[in-house]
Amino acid sequence: MSQPLLEVHNVVKRFGGLTAVDHVSFEVMPGRIIGVIGPNGSGKTTLFANVSGFQTPEEGEIRFDGRVITGMRPSVLCELGIARTFQIVQPFAGLSVFDNVVAGALRGGRTTLKEAKLKAAQIIELCGLQPVSTQMAGVLPIAGRKRLEVARALATGPKLLLLDEVMAGLRPTEVDDAIALVRQIRDSGVTVILVEHLMRAVMALSEELLVLQQGKLIARGDPHTVCNQPEVIRAYFGEAKVPEAPTNSQKSTHHA
Ligand SMILES: Nc1ncnc2c1ncn2[C@@H]1O[C@H](COP(=O)(O)OP(=O)(O)O)[C@@H](O)[C@H]1O
Ligand SMILES: [Mg+2]
């Protein structure tokens, strides 16, 4: 039996009076793909920020590879093997796609520029970015920027990759490619936790699903079982998918 790669124990993150992550506990075994879903504002990005060291929880403990990492800085955690993407992609717009990935590789720890370039070339290939590798990152369309965001994180050589909505705004065929890419990443030995709204992608990829609502982990387990749990369905229907009141002109043709 291997030990969990990540253990999140009773983590609490507050912003003033708001508890964005509320006593969340779970663990992730190595080699898995874990999905995290939940309505907007349920604490998904905050959870990632705490696991990757961009924020420090007020309570609780996080272990990675068996050691306590709570409160460690992102650069240290990056060297230990935790990488995240950002929901708002943040490439160096004035650098080429290739150089952005090289920068990621250099971030991962002690490596020469030559090694970083070799690594970057591999990752560019894996992520299907060869056709645009010499372009400035700032001119890429959204799908390319998302791919670059994944490539930069991957170039740091993570054991654990946290993907925050990397499929948002992609066209269906681009989503298919992204699903295939996440599988390839996992098959290369990287454990993946993905936050994604797109249920098609979540269900295709996740071996286990975590559901957050108002900072609390309200369900966890097999994706299909979890999605049929009443509290999960309620969490989603509670999320303002309520139809707007019909206008006068609509009233004659539609029933509420
Ligand atoms: N830096 C911050 N300062 C204050 N409030 C924040 C901050 N980051 C997130 N929040 C709040 O915490 C809650 C969870 O946000 P977030 O983790 O971004 O949710 P999600 O990613 O699930 O949409 C929201 O209510 C959000 O407004
Ligand atoms: Mg978010």
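Ligands are counted one by one from 1 in listed order, and the atoms in each one are counted from 1 as well. Counting from 1, the numbers follow the sequence of the chain as shown.
Listed by number with element, the atoms of ligand 1 under 4.0 Å from a non-hydrogen atom of L18 are 11 (C), 12 (O), 13 (C), 25 (O). Near S42, meaning under 4.0 Å from one of its heavy atoms, ligand 1 places the atoms 19 (O), 20 (P), 22 (O). Close contacts between ligand 1 and N40 involve ligand atoms 23 (O) [criterion: under 4.0 Å to a heavy atom].
S133 contributes no side-chain N or O that, together with a main-chain N or O of F98, makes up a donor-acceptor pair within less than 3.5 Å. A donor-acceptor contact shorter than 3.5 Å is absent between the side chain of K159 and the backbone of I82.
Not one N, O or S atom of T46 sits under 2.8 Å from the Mg ion (ligand 2). Distance check for N40 against the Mg ion (ligand 2): none of its N/O/S atoms falls below 2.8 Å.
Considering only non-hydrogen atoms, atom 10 (N) of ligand 1 lies nearest to F15 out of F48, F54, F15.
For the pairing with L160, the side-chain contact (heavy atoms from CB on, under 4.5 Å) check across L80, L6, L77 returns one residue only, L6.
Of the polar atoms of K44, at least one N or O is found under 3.5 Å from an N or O of ligand 1, judged by distance alone. Annotation: T45 places an N or O atom under 3.5 Å from an N or O atom of ligand 1; distance criterion only.
Under the 4.5 Å side-chain contact rule for hydrophobic residues, V226 and L205 do not share a cluster.
For the pair R220 and F26, the cation-pi criterion (under 6.0 Å, within 45° of the ring axis) is not fulfilled.
The closest protein non-hydrogen atom to atom 24 (C) of ligand 1 is G41 O, 3.8 Å. Closest to atom 15 (O) of ligand 1, if we only count protein heavy atoms, is T46 OG1, 3.8 Å.
Aromatic ring centres of F48 and F86 lie farther apart than the 6.0 Å criterion allows.
For E149 and K146, the salt-bridge test fails: no basic side-chain N is under 4.0 Å from an acidic carboxylate O.
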